Amino acid sequence: MLDKKYNFAEKEKKWQDYWFENDIYKYDPNAKSKTFAIDTPPPTVNGHIHMGHLSSYTHIETIARHHRMKGENVYFPFGFDDNGLPTERYVEKTIKKHASELPRQKFVEICLSETKKLEDEFFDLYKSAGFSCNLKEHYSSISPNTQKISQKSFLELYKKGYIYQDKAPSLWCTECQTACAQSELEDMDVQSTFNYLKFFISGKDKYVTVATTRPEMLCGVVCVFINPNDKKNAYLLKEKLVVPHFGYEVPVYADELVDLEKGSGVVMCCTFGDNVDKEWQRKHALPIKECFTSNGRMSALAKEFEGLSIIECRKAVIEKLREEHLLIKQENITHTVSTHDRCGTPVEIEVKKQWFIDVLSHKKELYDAGIKLNWHPLNMRARYLNWVENLSWNWCISRQRYYGVPFPVWYCKKCGKVCLADEKDLPVDPMKDQPKHACQCGCNEFVPETDVMDTWATSSLTPQISADMHTHKGLDDSMLPFDLRPNAHDNIRVWDFYTIVKSLYHFNKLPWTDLMISGYVTSPDGSKLAKSKANGVSSPQEVIKTYSADVTRYWANNLALGKDTAFSLIEFDNGKKFVNKLWNASKFVLSFLEDYRPREVELETMDAWLLENYKNLYNRFIKHLDAYEISLALAEVERFFWNFCDNYVELVKRRLYNPDIFGQRQCESAKYTCFHVLLGMLKMFSPFVPHITEEIYQSYYAGIENKASVHVSGYLNLGEKVDKSVLEKGEEVLDIVSAVRQFKSENKLSLKTELEDITITSKNCDFIKKTEADLKGVAGARKIVYKDGDFKVEIGKVIEEEQA
RNA sequence: GGGAGUUUAGCUCAGCUGGUAGAGUACCUGCCUUACAAGCAGAGGGUCAUAGGUUCGAGCCCUAUAACUCCCACCA
């Protein structure tokens with residue numbers, strides 16, 4: 001017997017412990033059934049999980065549970081992405097110190113201990129949400145084993161020629177003091193000033209106007225560009241121009257990238273103010289002049305401004321130009337600058353020795369890979385393709401930071417040659433370990449590489465890293481491709497892209513066959529959720545505590561794939577109602593089934609109708625979930641369920657209560673139907689609301705089916721062929737019930753009011769007649785008269801209560 | 001500038017291969033019905049963003065337009 005009220009706090013905890021202790025979701029390496037492997041997103045350990053993560057993990061969960069219910073062997077690993085800049089930033093904020101203020105080793109130790117705390121929090125949350133990934137073992141992107149895989153990947157790609165080291169322009173964050181990748185850029189609108197400056201023509205008392213937002217870079221001007229079609233200024237090509245204030249001369253070149261409409265149509269070029277400068281530098285073989293040092297201060301080039309910050313220098317230079325009458329006018333503008341997504345600082349371009357993975361020369365393969373993958377929803381594919389088409393930087397994987405996977409690289413002290421670690425010695429830390437062999441030049445002294453790898457250089461290997469937890473084969477492709485990569489749309493250009501790169505370069509294979517892309521949960525005003533801010537949105541912990549894990553999952557499962565949704569607690573009330581209804585309906589139905597064991601019986605008409613409906617539902621349900629249409633699948637089974645409660649159960653409950661009046665066989669038929677349909681529904685609901693379905697299942701069905709859990713019990717397939725005519729005829733019976741209810745409602749009568757008689761006109765009287773006992777009961781009619789003809793229901797006299 | 005998405009009832013959203021506009025919620029009217037008042041029954045409520053087109057027939061297909069959201073590019 002089920003409790004009168006469902007106590008979710010107690011039951012959810014009970015079943016979570018039960019699942020955990022009994023390894024209910026364990027992947028079985030020896031199973032013969034098909035494996036469904038999920039490349040679970042490892043949460044980045046850089047703050048607290050918010051509702052957005054919870055909702056997208058819930059989608060993964062539902063899909064994992066669905067495939068488990070289909071009898072597949074689900075490989076659902078778990079891990080943490082706990083190294084790299086995001087984690088460092090989190091730790092810096094927590095301890096209120098910059099990494100550079102501490103000894104490297106000390107900082108790394110603090111990172112390890114701080115992330116451990118967060119990981120414990122993550123673990124508790126995952127468990128309390130009832131997640132069915134393998135919580136007993138997990139990978140970490142900083143663990144020695146992961147480092148080994150990551151370093152091996154580096155060595156292999158280096159040997160294959162995909163990785164190269166170069167002193168080349170790369171994106172530089174002056175705040176984090178490290179290089180970063182194109183995918184880490186974020187646009188930000190800033191107020192800025194367009195400064196119109198006088199560039200005098202050398203030896204003449206004539207000037208041209210050049211507009212710039214970055215006057216502090218005047219110390220690094222290498223040339224001035226005009227448009228090749230600019231007739232008015234064409235004469236300048238033969239002249240030299242004098243850089244204002246700094247007084248040195250630069251040449252003038254023509255390039256079609258110059259926009260005649262912008263500013264004065266004449267552009268100064270520095271190496272490097274922006275992307276275009278970078279291109280011009282290469283195309284016109286311009287000299288490289290570095291205006292800034294790596295910490296965002298002015299370099300010696302800036303003469304008297306050396307050591308000022310970029311912003312300070314900008315002000316100071318403007319002041320100088322004004323004094324020297326070289327500033328013609330200023331215009332306030334809003335323009336977009338690229339900032340570092342981890343700290344919001346505008347990025348600069350720096351020329352430094354960095355490690356790169358070549359992606360630009362493989363755009364075609366990367367693009368084709370995007371075409372071959374199955375994207376859910378499909379339109380998300382465009383984001384990937386768009387990104388690949390617009391790639392303009394090779395993937396810079398070196399970071400001038402502390403907490404990350406080290407490069408397995410030293411440099412010969414004498415000849416400077418790169419010395420790679422031996423594969424069998426991995427993982428290595430070149431700052432502690434030494435190469436085992438002397439350099440080819442004979443020198444035995446080495447300088448370690450102090451840079452660490454970009455965190456994505458490692459997390460792009462999650463299919464291999466997570467497969468290794470079971471295969472123990474390291475960097476290996478035996479489990480590739482995985483069946484599913486799930487993540488939110490922000491990760492398409494980052495994690496998805498990089499994973500595809502690595503998988504293609506290593507194995508010439510796709511990392512997975514399908515991608516499932518979740519949308520964002522935004523705050524009610526539409527702004528982004530962030531791990532660091534609350535935005536007026538409840539935390540997952542709060543929501544689960546208040547509403548239960550099942551209700552929270554119900555909410556998440558109703559969100560459309562790929563679409564952003566504003567968070568609202570109102571939506572949780574539907575889930576609460578649903579869970580309550582499921583409890584009450586199950587309690588009611590099971591109260592009739594206590595000692596019942598199913599056996600074949602000749603079915604009553606409406607029982608057959610419900611079973612046909614169930615088959616119909618089953619087909620659609622499976623089809624939706626196979627296509628990752630989570631919310632549609634849930635809506636479908638939920639609609640069936642409410643119909644089951646409000647129509648079917650109402651129709652048959654008298655039979656269940658009174659076998660003496662309605663007949664033993666008729667009662668048996670209802671029991672048979674209830675038994676199967678409730679069981680089938682519980683199984684279908686189980687991926688969405690795993691706790692309450694388990695509680696109900698365990699109270700009755702588990703013993704009969706002899707299964708450890710509803711979640712490994714398999715769906716109930718009652719046959720795929722549906723008798724449509726039974727469905728239609730049954731609907732007509734419901735129409736009769738509806739007509740009677742309408743009559744009673746309009747006449748403000750209680751639904752139990754009895755009626756003298758009702759007259760039914762229909763072409764299906766034979767069918768309807770067979771339901772007469774049920775119909776009389778639910779309608780409260782003493783007599784039913786049948787007529788052949790177009791469908792019509794006439795209500796006879798009401799029997800007053802006193803009489804009844 | 002390129003791309004994607006959205007626009008359907010007061011609100012949140014479904015709507016398949018083109019065939020009489022749907023659900024939940026809110027509001028209104030009733031009903032304590034031997035599971036559930038966190039329930040049940042019933043009613044009202046829509047120029048399917050706009051303008052054209054294709055079609056016997058368009059929420060759906062085509063062409064424009066508008067508004068909002070997101071991604072990318074631009075950043076002199």
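Just so it is clear, the structure is predicted and the values come from calculations on it, not from any experiment. So that the names make sense, note that chain A is the first sequence line, chain B the second, and so on, each numbered from 1.
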Residues A:Q191 and A:T334: side-chain donor-acceptor under 3.5 angstrom: yes

B:U8 versus B:G59 - spacing of their P atoms, nearest Å: 15 Å

Base paired to B:C11 (Watson-Crick or G-U; both N/O distances under 3.5 angstrom): B:G24

Distance in angstrom units between A:E650 CD and B:C36 C1', rounded: 10 Å

Residue A:N574, side-chain heavy atoms: nucleotide from B:U25, B:A4, B:A14 that is nearest: B:U25

Side-chain N,O (A:Q742) to OP1/OP2 (B:A43) below 4.0 Å: yes

B:C13 to B:G30 separation - C1' atoms, rounded to the nearest Å: 28 Å

Atom of A:T693, atom of A:F685 and distance for their closest heavy-atom approach: CG2-CB, 3.7 Å

Among B:G15, B:G30, B:C74, the nucleotide that comes nearest once only the side chain of A:K262 is considered: B:C74

Selected nucleotide, minimal atom distance to A:R741 side chain, candidates B:U6, B:A73, B:G42: B:G42

Ring geometry between A:Y196 and A:F194 (parallel below 30°, tilted from 30 to 60°, perpendicular above 60°): tilted

C1' gap between B:A14 and B:G22, integer Å: 7 Å

5' precedence on RNA chain B between A:L260 and A:K4 (nearest-nucleotide basis): A:K4

Within-4.5 Å side-chain heavy-atom neighbours: A:Y253 and A:V224: no

Whole angstrom value for the distance that separates P of B:G2 from CG of A:N386: 12 Å

Nearest-Å distance once atom C1' is located in both B:G44 and B:A9: 11 Å

Non-hydrogen side-chain atoms of A:L366 and A:V359 separated by less than 4.5 Å: yes

Separation between the C1' atoms of B:A67 and B:C31, rounded to whole Å: 45 Å

N or O in side chain of A:S568 less than 4.0 angstrom from B:U12 OP1/OP2: no

Sugar-phosphate only, base, or nothing, as touched by A:A635 at under 4.0 Å among non-hydrogen atoms: nothing

Sugar-phosphate, base or nothing in reach of A:K563, heavy atoms under 4.0 Å: sugar-phosphate

Between C1' of B:G39 and NZ of A:K653, the distance in whole Å: 11 Å

Which residues share a salt bridge (Lys or Arg N to Asp or Glu O under 4.0 Å) with A:D564, sequence neighbours left out: none

B:C36 OP1/OP2 closer than 4.0 Å to side-chain N/O of A:K577: no

For atom NZ of A:K581 and atom P of B:C36, their distance in whole Å: 10 Å

Touch class at under 4.0 angstrom, heavy-atom based, for A:C645 against every strand present: base

Rounded P spacing from B:A73 to B:U12 in Å: 32 Å

Rounded distance (Å) that lies between atom C1' of B:G3 and atom CZ of A:R381: 13 Å

Counter-base of B:A67, judged by Watson-Crick or G-U geometry with both distances under 3.5 Å: B:U6

Touch class at under 4.0 angstrom, heavy-atom based, for A:E186 against every strand present: nothing

Expected output: side-chain A:H59 to main-chain A:A556 donor-acceptor under 3.5 Å: yes

A:L755 side chain near A:F743 side chain, heavy-atom distance below 4.5 Å: yes

A:H335 vs A:D189 side-chain heavy atoms within contact, under 4.5 Å: no

Candidates B:U33, B:A73, B:C74 - which lies nearest the side chain of A:Q182: B:A73

Rounded distance (Å) that lies between atom C1' of B:C72 and atom CG of A:D341: 15 Å

Any-strand Watson-Crick or G-U partner of B:U34, both distances under 3.5 Å: none

Identified pairing partner of B:G57, criterion: Watson-Crick or G-U wobble below 3.5 Å: none

Separation between the P atoms of B:G10 and B:G46, rounded to whole Å: 7 Å

B:C72 OP1/OP2 closer than 4.0 Å to side-chain N/O of A:R493: yes

Which nucleotide in B:C40, B:C72, B:C71 has an atom nearest any side-chain atom of A:R383: B:C71

G-U wobble or Watson-Crick pairing nucleotide for B:U17 (cut-off 3.5 Å, both distances): none

Sugar-phosphate, base or nothing in reach of A:N580, heavy atoms under 4.0 Å: base

Sugar-phosphate only, base, or nothing, as touched by A:D646 at under 4.0 Å among non-hydrogen atoms: sugar-phosphate

Separation of B:A4 C1' from A:D564 CG (nearest whole Å): 12 Å

Nearest-neighbour nucleotide for the A:S738 side chain, B:U33, B:C70, B:G42 considered: B:G42

Partner nucleotide, any strand, of B:A43 [Watson-Crick/G-U, under 3.5 Å]: none

Touch class at under 4.0 angstrom, heavy-atom based, for A:V589 against every strand present: nothing

Spacing between A:W495 atom CH2 and B:C71 atom C1', to the nearest angstrom: 20 Å

Pairing partner of B:C48 (Watson-Crick or G-U wobble, both distances under 3.5 Å): none

Short side-chain N/O contact from A:N584 to OP1 or OP2 of B:G39, under 4.0 Å: no

Span that lies between the P atom of B:C11 and that of B:C27, in whole angstrom: 15 Å

